[in-house]
**Q** 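After the structure tokens below, expect a handful of questions from me.
As the structure is a computational prediction, the values presented were derived from the model and not from experiment.
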Amino acid sequence: MKDLKTYLFIAGTLLGLYLIVEYNKPIPVDWTPTFNKSDKIPFGTYVLYHELPRLFSEGISSSRQSIYEALNNRTDNANLLIVSPKVNISNTDYERMKAYMADGHAIFIASHSFNYAFLDSLNLAIQSRDVLFAKDSLNFRFTNSLLDSNKLYTYERGIGVHYFSKFDTTKAVILARNNKDDANFLKYDFGKGSLFLLASPDFFSNYALLSQDGSTFASHALSYLSDQRKLLFDEYQLLGTQGAQSILRVIFATPSLKWAYYLALFSMVLFILYEIKRRQRIIPVEDPMRNTSVEFAKVVGGVYYQQRDNKDIGHKKIIYLLNFIRTNYRLKTSELNEEFVDLLTHRSGVGRETIDKIIQEIKEVYGGKYLSDQELITLNNNIETFYEQSGTTWKKNFSQNEPT
């Protein structure tokens with residue numbers, strides 16, 4: 001009994017020492033790039049949001065609505081600021097943005113990841129430089145002489161590694177570059193207003209703004225927005241719609257609750273697996289699998305319809321058509337020139353006008369054109385017409401050449 005008390009005393013002492021050490025252990029720095037205005041961690045935007053009223057005296061307001069909902073029927077002439085690692089702008093949002101900017105408003109977006117439709121509409125591409133093991137840090141400068149174009153702004157920890165690798169030089173104005181001569185700050189004019197694109201939200205993080213260069217660069221970048229207008233600070237791209245907070249979001253925000261949640265899920269899975277092994281029901285005899293080719297085609301078609309990637313669908317239709325031509329008419333499809341059109345017209349028996357339309361549509365798709373719904377339907381109808389007109393001729397020639 002005495003030995004048991006000794007062991008309990010030692011175990012209690014060790015447990016108490018462990019709890020004291022854990023309680024006094026310094027909290028590690030959280031480098032998660034949240035860009036949330038309420039986060040004081042290095043890559044939150046707490047400093048930015050609380051310093052914005054000093055730059056925009058007309059007031060700051062937050063929005064948890066989509067871009068279309070936030071800008072529709074506004075009467076306060078507010079400019080829009082979006083700071084988020086990822087930005088997804090729908091076609092409806094983009095059309096509303098263009099109309100809003102055409103009326104004289106400005107939209108400022110700092111992000112390194114945009115959805116394809118938005119990038120394609122502006123002919124943009126974003127890449128990043130690997131500076132993790134580089135000996136020199138990236139420096140940035142403004143091209144505007146009024147902002148001291150000779151001044152270099154230096155950052156550490158890989159801030160600002162993203163840049164615009166492709167853009168339309170006839171429409172975009174470069175406002176800032178890095179020391180590798182990469183453009184990372186662009187301006188587009190839309191009517192009376194402007195669209196400003198900064199290739200990284202890191203410039204507005206708490207970590208960046210706590211340095212002299214970082215705060216100066218951020219204030220100069222935001223100086224392109226009028227301080228005589230109200231500023232609308234978007235949170236929709238980060239947090240979703242208003243009221244989207246959930247229990248899981250609260251749990252994942254606290255490390256201890258998060259690991260308790262994972263442990264509970266793991267325990268539940270183990271329990272279910274154990275119970276299944278002990279109480280597995282008799283597996284009923286199932287009928288042989290049916291031919292589900294039609295259902296599969298419907299599912300695949302539904303997926304393509306939901307994605308609305310007309311360009312990809314058109315590209316696949318063209319691939320199948322060219323393969324049909326190579327297989328049945330023994331023609332090379334690497335060059336779609338006049339000689340190819342003449343040979344295809346002669347061998348297929350299809351009208352020259354139909355083939356000319358198809359060749360022109362193929363060249364437009366290969367040239368990078370994004371097909372609308374009506375253009376995709378027209379391409380499909382022309383290809384189907386080719387199959388119908390060429391089918392009769394091809395079968396006739398085949399039957400004539402068939403040995404008796």
Side-chain angles (χ1 to χ4, degrees), residues 45 47-60 76-83 97-98 100-112 122-124 126 129 136-156 159-234:
T45 54
V47 175
L48 170 69
Y49 189 77
H50 287 80
E51 290 296 320
L52 284 176
R54 297 177 56 184
L55 300 177
F56 301 94
S57 57
E58 293 300 314
I60 311 295
D76 54 3
N77 293 324
N79 292 325
L80 176 64
L81 173 62
I82 301 176
V83 180
M97 286 170 56
K98 291 193 295 185
Y100 194 71
M101 290 184 290
D103 290 337
H105 306 91
I107 297 177
F108 193 117
I109 305 177
S111 178
H112 56 68
L122 293 178
N123 195 23
L124 274 176
I126 298 180
R129 289 192 174 275
D136 57 335
S137 300
L138 287 177
N139 300 319
F140 303 88
R141 65 178 180 85
F142 289 99
T143 58
N144 190 342
S145 59
L146 297 178
L147 299 178
D148 190 3
S149 57
N150 295 321
K151 166 66 176 175
L152 294 177
Y153 301 88
T154 304
Y155 293 89
E156 297 177 354
I159 290 180
V161 297
H162 297 87
Y163 64 93
F164 296 105
S165 58
K166 183 183 76 171
F167 54 90
D168 191 344
T169 56
T170 62
K171 297 180 180 180
V173 178
I174 300 175
L175 301 181
R177 297 179 180 271
N178 60 25
N179 57 317
K180 306 296 183 181
D181 206 34
D182 302 321
N184 71 320
F185 191 17
L186 301 177
K187 174 189 176 184
Y188 290 85
D189 289 326
F190 287 88
K192 300 178 182 179
S194 302
L195 172 65
F196 299 95
L197 298 179
L198 188 60
S200 177
D202 300 345
F203 293 103
F204 297 124
S205 65
N206 297 330
Y207 182 83
L209 295 182
L210 291 180
S211 67
Q212 182 63 40
D213 279 0
S215 60
T216 304
F217 184 90
S219 62
H220 285 351
L222 292 175
S223 67
Y224 283 98
L225 299 177
S226 173
D227 59 355
Q228 302 301 315
R229 291 189 176 188
K230 187 176 181 179
L231 184 67
L232 184 63
F233 188 83
D234 177 86

**Q** Within the structure provided, determine whether Y224 and L147 are in side-chain contact (heavy-atom separation under 4.5 Å).
**A**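 Contact flag for Y224/L147 side chains = yes.
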**Q** Just verifying a value: how many Å separate F142 CZ and S223 OG, rounded to the nearest 0.5 Å?
**A**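 Result: 7.0 Å between the selected atoms.
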**Q** Can you give me the closest heavy-atom contact between Y163 and A183, atom names plus distance?
**A**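 Where Y163 meets A183 most closely, the heavy atoms are CB-O, 3.5 Å.
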**Q** Looking only at heavy atoms, what is the nearest atom pair of D227 and F56, with distance?
**A**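 So the minimum-distance heavy-atom pair works out to CA-CD2, 3.9 Å.
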**Q** Rounded to the nearest 0.5 Å, how far apart are OH of Y49 and CG of L81?
**A**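 The distance works out to 11.0 Å.
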**Q** Would F190 and I107 count as a side chain to side chain contact (heavy atoms under 4.5 Å, CB included) here? Give the steps.
**A** CA-CA 10 Å; F190 287 88; I107 297 177; over 6 Å; no
**Q** Are N77 and H105 close enough that a side-chain donor and a side-chain acceptor fall under 3.5 Å?
**A**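 Looking only at side-chain atoms, H105 and N77 do form a donor-acceptor pair, the distance falling under 3.5 Å.
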**Q** What distance separates N79 CG from L232 CG, expressed to the nearest 0.5 Å?
**A**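 Interatomic distance, N79 CG to L232 CG, rounded to 0.5 Å: 9.5 Å.
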**Q** Taking I109 as the fixed residue, which of L198, D234, L195 is the one that meets the side-chain contact (heavy atoms from CB on, under 4.5 Å) rule?
**A**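 Between I109 and the candidates, side-chain contact (heavy atoms from CB on, under 4.5 Å) is satisfied uniquely by L195.
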**Q** Going through the distances and angles, do F233 and L48 end up as a side chain to side chain contact (heavy atoms under 4.5 Å, CB included)?
**A** CA-CA 11 Å; F233 188 83; L48 170 69; 4.1 Å; yes
**Q** Looking at T154, D202, L138, which hits side-chain contact (heavy atoms from CB on, under 4.5 Å) with I159?
**A**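 Single pass found, and it is D202.
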**Q** What are the two closest non-hydrogen atoms of S200 and A110, and how far apart are they?
**A**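 For S200 versus A110, the nearest heavy atoms are O-CB, 3.9 Å.
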**Q** Ignoring hydrogens, what is the shortest heavy-atom contact between F196 and A106? Give both atom names and the distance.
**A**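 Heavy-atom minimum between the residues: CE1-CB, 4.1 Å.
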**Q** Verify, without hydrogens or angle tests, whether S194 (side chain) and D189 (backbone) share a donor-acceptor contact under 3.5 angstrom.
**A**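 Not a single qualifying donor-acceptor pair exists.
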**Q** Do side-chain atoms of N139 reach the backbone of N179 as a donor and acceptor pair under 3.5 angstrom?
**A**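 No; zero donor-acceptor contacts below 3.5 Å.
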**Q** Measuring from atom CG of L122 to atom CG of D168, what distance do you get when rounded to the nearest 0.5 angstrom?
**A**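 It comes to 9.0 Å.
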**Q** Rounded at 0.5 Å granularity, tell me how far CD in E51 sits from CD1 in I60.
**A**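 It is 11.0 Å, given to the nearest 0.5 Å.
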**Q** Is there a side chain to side chain contact (heavy atoms under 4.5 Å, CB included) between R141 and R177? Walk through the geometry before answering.
**A** CA-CA 6 Å; R141 65 178 180 85; R177 297 179 180 271; 4.1 Å; yes
**Q** Rounded to the nearest 0.5 Å, what's the gap from CG on L80 to CE on M97? Could you check?
**A**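 These two atoms lie 7.5 Å from each other.
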**Q** For side chain to side chain contact (heavy atoms under 4.5 Å, CB included), just list the numbers for T143 and V173, CA-CA rounded to whole Å, side-chain angles, deciding distance to a tenth of an Å, and then say yes or no.
**A** CA-CA 10 Å; T143 58; V173 178; 6.0 Å; no
**Q** Verify, without hydrogens or angle tests, whether S219 (side chain) and T216 (backbone) share a donor-acceptor contact under 3.5 angstrom.
**A**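 At least one qualifying donor-acceptor pair exists.
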**Q** Do you know the tightest heavy-atom contact between A218 and F203?
**A**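 Closest approach of A218 to F203: CB-O, 4.0 Å.
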**Q** Less than 4.5 Å apart, any side-chain heavy atom of F164 and any of I174?
**A**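 They are not in contact (no side-chain heavy atoms under 4.5 Å apart), so the answer is no.
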**Q** Indicate yes or no: at least one non-hydrogen side-chain atom of L52 is less than 4.5 angstrom from one of L222.
**A**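 The answer is yes, as the side chains (C-beta and beyond) meet within the 4.5 Å cut-off.
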**Q** Can you tell me which residue among F140, F217, F185 is in a ring-ring contact (aromatic ring centres under 6.0 Å, His included) with Y153?
**A**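 When F140, F217, F185 are each tested with Y153, the ring-ring contact (aromatic ring centres under 6.0 Å, His included) holds only for F217.
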**Q** Is a side-chain N or O of N184 found less than 3.5 angstrom from the main chain of A199, in a donor-acceptor match?
**A**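 Pair absent, no side-chain N/O of N184 close to backbone of A199.
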**Q** Are L197 and L124 side-chain neighbours, meaning at least one heavy-atom pair lies under 4.5 Å?
**A**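 In contact.
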**Q** Considering all heavy atoms of both residues, which atom of P201 and which atom of S111 are nearest to each other, and what is their separation?
**A**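 Minimum heavy-atom contact is CD-CA, 3.8 Å.
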